[in-house]
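Input: a single structure, listed below in structure tokens.
FYI, the numbering just counts along the sequence from 1.
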Amino acid sequence: MLTIFNSLLGLTKSEEKSGQEMRRLHINWLPKEILLMILQKLEFKDLKIVMLVSRYWRCLGGDPVFWRKFKLIFLENPNNFIPILSTPRLAMVEHVTLDGLYEFRAKFSDGHINFLQEMNLKILEIDDIADLSDVSPEPLAKLVNQCEIVDLGYSLTEDQMYEIFEEMSRNTKLTKFWLPDNVHYVPADTLAKALANIKDVSLTNLTRAQVLNIFIMMSKETSKTIHLNTHTANLTHLPNSVFCSAVAKMRSLRASLNPDKMSSLMNMLSNTTNLTNLHLGQSDLTQVQAGVLARGLVMVETVEMMWTGVDTKQIIELFREISKDHSVVKHLHLNHDLTDVPADIIDKAINKLETAGILTCEVTEEQTEKIFTEMSKRTNIKRINYNDLRGPLSMPGIRNVAPDILARAVNKLVDVLIHVGDAANDISGPQLVAILEESCKTTNLCQARVFSGGVALPDTLVQSVHRHIAHFFIK
């Protein structure tokens, strides 16, 4: 246990030994506030060990504040439900899952639901296996709507679901809600009023009337919805004017749209929008005019179009628009062939971004060299990645970029993953050395992971890099 605390306090082995030799300072002599700050950093499994040390540490480790984020999952024997939740350290727990086993469906009652209502619950998950058939609709509806995030599963009765949405339409604390599939029987106006009270909404399979009512309600000033994921909802029959009127109020939209909807959306974006995040799923964009598409997309800060269908003309026009002063795009994620984009356009456009999700795109060696040359001089770019995921900095011809140029460019980033290899797409040993030496002079890097591929590096260089990059890992 002492080792855990020494690690958290950052003590070296020699300091540990010196402290043990002194034998005059007992950890319990530390102020309670300091001990609590240390315990706050522990995982739940370590907190449990702490509570076994002594009565004093049991009191410290059992502070309900530490256990607030503990996720409780009830699988079977609901008779233990209330005794477990009555444990003092779980008094402030915020996340509960009602679950079950396939061979044993845990059966919950009004008593369980009423007890949960008395807690400060924020997240409630109801698994499909959990049996709530004996729970009255009213208390369940009140519990659901006093939470912030809820997953209702698919096992609730129609009466329960109906009452949940009735209560939601009147008063709810929900901020994020994924609509279950089985709500076709809920009246369209009730469902629309309910969802318009929630900040972040994900839709599923709905009737035409439900879709129309939802978008009409979300287009009103009273609607609280600003993040929308259309998911599997069929928007084909939704009038474009109603769709755009609702989306104009949104901050983020995740949708796979047909060309007609997409054209209307792009025209709307080029004129006025509050949208800052647009995820286009598997939308087919090829039928949208290149200029219309580009002028719309550059008015959104974050654009995710990894799996969209686009043609060469549209890609070229998009990068041309991004390179212009009026573009507000900061984060762009692609998975397309960029080889036909002129090098003098792509280098300017990429370096106007903060995040360039282009690691899986096809580019030419000339484009790679131009991008990093411009990047070494002036750039906004902070990350080059893959769909918001960290990937090795690997691009065609990167090995041929002059080490000093690549070094200055990479140190303009805040986060990088480097794999040294022998392929033309890999960073070479001399380039790695140049990057690390540059980081000791000037760098924006906060995090760097390096797989050196066996390249021998001076210990003094590695130690110096550790001092200049807060989170540096090398293997």
Does anything in residues 150-171 pair up under salt bridge (charged side-chain N to carboxylate O under 4.0 Å, His left out), and if so which pairs, sequence neighbours excluded? Glu163-Arg170, Glu166-Arg170, Glu167-Arg170

Using the salt bridge (charged side-chain N to carboxylate O under 4.0 Å, His left out) rule, collect all pairs that involve residues 234-259, keeping only residues at least two apart or in two chains. none

With sequence neighbours left out, write down each residue that passes ring-ring contact (aromatic ring centres under 6.0 Å, His included) with Phe115, or none if nothing qualifies. none

Note, Leu39 side chain near Trp57 side chain (heavy atom, < 4.5 Å): no

Going by the side chain to side chain donor-acceptor pair (under 3.5 Å) test, which pairs reach into residues 180-204, not counting sequence neighbours? Asp181-Asn205

Applying side chain to side chain donor-acceptor pair (under 3.5 Å) as the test, list every pair that has at least one member in residues 210-226; sequence neighbours left out. Thr207-Gln210

Could you tell me whether a side-chain N or O of Lys330 sits under 3.5 Å from a main-chain N or O of Asn380, the two making a donor and an acceptor? no

Does Ser241 have any side chain to side chain donor-acceptor pair (under 3.5 Å) partners at least two apart in sequence or in another chain, and if so, which? none

Donor-acceptor pairs under 3.5 angstrom involving side-chain atoms of residues 140-149: please list them, not counting sequence neighbours.
from, atom 1, to, atom 2, distance (Å)
Asn145, OD1, Thr172, OG1, 2.8
Asn145, ND2, Ala141, O, 2.8
Asn145, ND2, Ile164, O, 3.2
Gln146, NE2, Gln117, O, 3.0

Would you check if there is a donor-acceptor pair between the side chains of Ser109 and Asp134 at a distance under 3.5 Å? no

Provide the full list of ring-ring contact (aromatic ring centres under 6.0 Å, His included) pairs with a residue in residues 222-241, sequence neighbours left out, each pair given once. Trp178-His231

Just jot down the salt bridge (charged side-chain N to carboxylate O under 4.0 Å, His left out) partners of [X], sequence neighbours excluded, or say none.
X	result
Asp128	none
Lys122	Glu94
Asp415	Arg390

Contacts table for residues 465-475: side-chain donor-acceptor under 3.5 angstrom, sequence neighbours left out:
from, atom 1, to, atom 2, distance (Å)
His468, ND1, Ser464, O, 2.8
His468, NE2, Cys440, O, 3.2

Between the CG atom in Leu332 and the CD1 atom in Ile322, the distance rounded to the nearest 0.5 Å is 5.0 Å

